[in-house]
Amino acid sequence: MNTSAVDQLFEQSKERSWRNASEDALLDFEFTASDPESLEGISHDPPPDEDPEIEFRYDMSGRGAKVRCVYCKYQNHYRGIVVRYPSGGRRLVGRDCALNHHGVEFEQHLNDFDAAIERQGYARRRRAFMAACAQIFREFQELKADPAVETHDRLMRQWRDGFLDLAPALINVARRDERLTITRKERDEAAEKLRKQRLGDRFEEERQKAKAAGKTWQIYRTVDEDLGSLGGALFFIGSVSVAKRLDAIQASVQQVFRTLSGDDLQSKQISGCFRKLAELRDELARELNRLDALAEAFDAGNLARIARWANEQAAEEIRLKAVLENRKAEPISARFTTDGQSISDRAGPRTVTVSLPTVYRPAPRTLLATLKAASSIDYEP
Ligand SMILES: [Zn+2]
């Protein structure tokens with residue numbers, strides 16, 4: 001009897017079972033027979049009355065000619081398995097035919113065989129990812145040291161601490177994904193004229209009635225003016241520093257590495273780790289997007305729109321109050337001013353200014369690309 005690769009593999013396990021094969025043994029095992037018909041001991045004779053063992057699978061669909069099945073007795077399957085008998089013979093059989101002829105216990109073996117193939121795939125992915133560990137953590141350090149992170153976090157603090165009413169107002173606009181809009185309340189003279197015509201002789205009587213009831217007699221309408229979209233929404237929404245978020249993401253990636261470094265992990269455990277990694281990649285992408293958003297937020301046109309929006313809203317409030325109180329509005333000064341990538345608030349005892357440095361470059365996405373590549377199925381370290 002010849003010693004096959006399967007014998008070598010099973011030597012390391014408690015029983016001859018795919019289920020107990022160690023990860024090390026599985027890693028290099030070639031599950032697919034490329035030329036099943038030429039294997040030693042292959043024959044088309046009726047199978048011996050012995051319990052067969054699953055040895056390989058084959059897939060000859062690329063060749064275009066089917067493989068003869070020992071049970072169908074003709075060339076009936078592209079894909080199937082090679083089974084080997086204790087006495088040394090081998091037979092080629094379609095999967096379904098094998099199941100039909102060998103019953104429940106064999107089905108379990110076939111499931112174990114499939115599970116072993118899957119486990120090999122996960123084990124290879126795990127190895128490849130572990131091999132990228134040093135590179136990944138080096139790139140985490142590089143990203144955290146990127147000047148964009150410090151600039152973003154400093155400006156986010158300055159913005160939130162310096163613009164105590166503008167900052168929360170913009171959070172609302174950004175969260176609702178709204179445009180910068182000014183809503184003005186205006187006397188609706190056309191509607192008032194129509195009412196006068198409608199009431200005719202009763203006009204004065206109705207007016208007195210409304211006055212006595214404390215109702216507003218004037219008719220108002222609201223007019224929206226759209227100033228444009230708010231750029232860099234992620235900058236305005238953000239509250240936790242990018243540095244802190246990157247530390248947290250790195251700690252979670254480290255935890256995944258710790259889990260993956262365990263011995264003989266099950267496919268489910270490894271796939272769970274890669275799912276977690278995909279989530280962490282999304283979280284990392286969001287932090288990188290926040291660094292991009294800083295540049296969009298401080299774009300000169302965007303800042304000018306924000307200042308105009310804030311100023312005109314304040315002016316509108318003052319004007320409307322004066323209108324309702326039937327008096328002249330006090331002069332309105334422009335509270336917010338911008339100068340290129342700078343915005344200032346002149347309301348307080350001293351002017352607060354927040355500026356984007358002239359040279360600001362969002363951090364490169366190297367780490368994100370590395371994480372993606374290293375957790376993909378065909379990654380070669
Ligand atoms: Zn068959």
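Owing to the predicted nature of the structure, the values given are computational and were not obtained by experimental measurement. Read the numbers this way: they start at 1 and go in the same order the structure lists the ligands and their atoms.
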**Message:** If only side-chain N and O atoms count, and only distance matters, is there a donor-acceptor pair under 3.5 Å linking Gln250 with Lys144?
**Reply:** yes
**Message:** For the Zn ion (ligand 1), what is the number of protein N, O or S atoms at a distance under 2.8 Å?
**Reply:** 4
**Request:** Establish, from distance only, whether the side-chain atoms of Arg305 and Asn302 form a donor-acceptor pair under 3.5 Å.
**Result:** yes
**Asked** In chain order, what residues pass the salt bridge (Lys or Arg N to Asp or Glu O under 4.0 Å) check against Arg126, with sequence neighbours excluded?
**Response** Glu23
**Request:** Flag the pair Arg198 and Glu206 as a salt bridge only when some basic side-chain nitrogen lies within less than 4.0 angstrom of an acidic carboxylate oxygen.
**Result:** no
**Message:** For the backbone of Leu99 and the side chain of Glu107, can you confirm whether one donor and one acceptor N or O come within less than 3.5 Å of each other?
**Reply:** no
**Prompt:** Any side-chain donor-acceptor pair under 3.5 Å between Asp224 and Thr183?
**Reply:** yes
